[in-house]
Amino acid sequence: MIVTIDGPAAAGKGTLAAKISQKYDLAYFDTGMIYRAVGLKAILENQSPENETAALKIAQNMTFPLMMEMSKHPDFRSASGGSAASKVSAIPSVRQALLQMQRDFAKSPRFPDGRSAKGVVYDGRDAGTVICPQADFKFFITATPEVRAMRRFKEYQQKGLALSYEEVLSQTKERDARDSSRSSAPMKPAEDAVIIDTSTLSVDEVYQKVCEIIDSK
Ligand code: DC
């Protein structure tokens, strides 16, 4: 079984995908991680994430283990890491270089401990449209920029990061604009995706809705 969960930053995709992977015994691929790994590596090598030659070279050498290694870096989930990821992800050749790795994961899905899984839940922007158009279930999870910025702001506060709500809101809108206006695989719901606006829903309400849809088939 393949489930795709796409949508903008901080819409609740990751939390939902983790719960779905647990309930249905599916491996979980957070595809944003590969763009974060490429973007962060560019920064650490003193390259601009917008430099196509540098970003492409990093993308061509990106592997699953390297991505996992990079994810331990303190800036991997930071605002600057997110911004670098968004910039490299807007380069079509970088997306192309990372596509096969994402598709291959569904061929023999594995849990982090090496056990094989019955399927995959992908979380990203183009999982239902480009990576796995043949997925069994496609969801597009969204919420207003204000609600998403508030969720991110609270996460940053818990981590002790000094960013104001206004700064987080402006970053959220900037990333939305870049992710949805890029020429290659812009963020948009697949035609057959179920769209869920989580602005006024709790994590559990979204989870129940998604489980009902999966269980009804
Ligand atoms: O989901 P995230 O915040 O970790 O994603 C980081 C960036 O990567 C985001 O700005 C858009 C990009 N991305 C993408 O273009 N395609 C994906 N499948 C996943 C993420």
Side-chain angles (χ1 to χ4, degrees), residues 2-18 21 28-43 49-50 52 55-56 58-59 62 64 67-68 70-106 120-133 135 138-143 145 147-149 151-153 155-156 159 161 163 168-190 193 198:
I2 299 181
V3 180
T4 60
I5 302 178
D6 289 309
K13 304 185 299 293
T15 313
L16 176 64
S21 78
Y28 171 29
F29 193 165
D30 171 359
T31 61
M33 285 179 70
I34 40 174
Y35 294 100
R36 284 179 183 269
V38 173
L40 182 58
K41 199 150 195 323
I43 293 178
E50 281 159 315
E52 175 167 2
L56 178 58
I58 296 169
M62 188 48 64
F64 217 86
M67 176 186 91
M68 296 311 290
M70 297 290 302
S71 73
K72 295 177 192 154
H73 191 281
D75 265 342
F76 192 76
R77 296 265 167 212
S78 72
S80 59
S83 168
S86 177
K87 287 175 184 160
V88 295
S89 76
I91 305 173
S93 58
V94 168
R95 301 196 72 82
Q96 190 57 37
L98 298 170
L99 183 57
Q100 203 52 46
M101 172 185 166
Q102 297 176 80
R103 286 191 172 151
D104 285 349
F105 190 76
V120 185
V121 52
Y122 283 99
D123 145 5
R125 304 291 187 287
D126 61 349
T129 51
V130 178
I131 302 168
C132 259
K138 299 182 189 180
F139 298 94
F140 190 88
I141 305 298
T142 188
V147 167
R148 290 184 287 116
R151 290 177 187 162
R152 259 297 123 88
F153 172 64
E155 267 173 44
Y156 289 158
K159 288 182 188 165
L161 296 175
L163 276 175
V168 180
L169 179 59
S170 131
Q171 284 172 359
T172 304
K173 288 183 174 171
E174 194 188 308
R175 265 178 72 186
D176 281 359
R178 197 181 300 113
D179 293 348
S180 49
S181 69
R182 65 184 176 220
S183 60
S184 174
M187 174 181 67
K188 60 170 189 202
T198 70

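Residue indices begin at 1 and follow the sequence shown. Remember, it's 1-based here, ligands and their atoms both numbered in the order they're listed.
Aromatic ring orientation, Phe64 versus Phe29: perpendicular (interplanar angle above 60°, classes split at 30° and 60°).
A donor-acceptor contact shorter than 3.5 Å links the side chain of Arg151 to the backbone of Ala11. Judged purely by atom type and a 3.5 angstrom limit, Lys138 uses its side chain to pair as donor or acceptor with the backbone of Pro133. Remark: side-chain polar atoms of Tyr35 are not paired, donor with acceptor, to backbone N or O of Leu98 under 3.5 angstrom.
Ion pairing between a basic and an acidic side chain is recognised when a charged N comes within 4.0 Å of a carboxylate O; Arg178 and Glu174 show such pairing.
Annotation: side chain to side chain contact (heavy atoms under 4.5 Å, CB included) contacts of Ala10 (sequence neighbours excluded): Arg148, Arg152.
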Inventory of protein N or O atoms under 3.5 Å from ligand 1 N or O:
| residue | atom | partner | partner atom | Å |
| --- | --- | --- | --- | --- |
| ligand 1 | 1 (O) | Arg125 | NH1 | 2.9 |
| ligand 1 | 1 (O) | Arg125 | NH2 | 3.4 |
| ligand 1 | 3 (O) | Arg36 | NH2 | 3.0 |
| ligand 1 | 3 (O) | Arg125 | NH2 | 3.4 |
| ligand 1 | 3 (O) | Arg175 | NH2 | 2.5 |
| ligand 1 | 4 (O) | Arg36 | NE | 2.7 |
| ligand 1 | 4 (O) | Arg36 | NH2 | 3.3 |
| ligand 1 | 10 (O) | Arg175 | NE | 3.2 |
| ligand 1 | 10 (O) | Arg175 | NH2 | 3.3 |
| ligand 1 | 10 (O) | Asp179 | OD1 | 3.3 |
| ligand 1 | 10 (O) | Asp179 | OD2 | 3.0 |
| ligand 1 | 15 (O) | Ser89 | OG | 3.3 |
| ligand 1 | 15 (O) | Arg95 | NH1 | 2.7 |
| ligand 1 | 15 (O) | Arg95 | NH2 | 3.4 |
| ligand 1 | 15 (O) | Arg182 | NH1 | 2.8 |
| ligand 1 | 15 (O) | Arg182 | NH2 | 3.1 |
| ligand 1 | 16 (N) | Arg95 | NH2 | 3.1 |
| ligand 1 | 18 (N) | Thr31 | OG1 | 2.9 |
| ligand 1 | 18 (N) | Arg125 | N | 3.2 |
| ligand 1 | 18 (N) | Asp126 | OD1 | 2.9 |

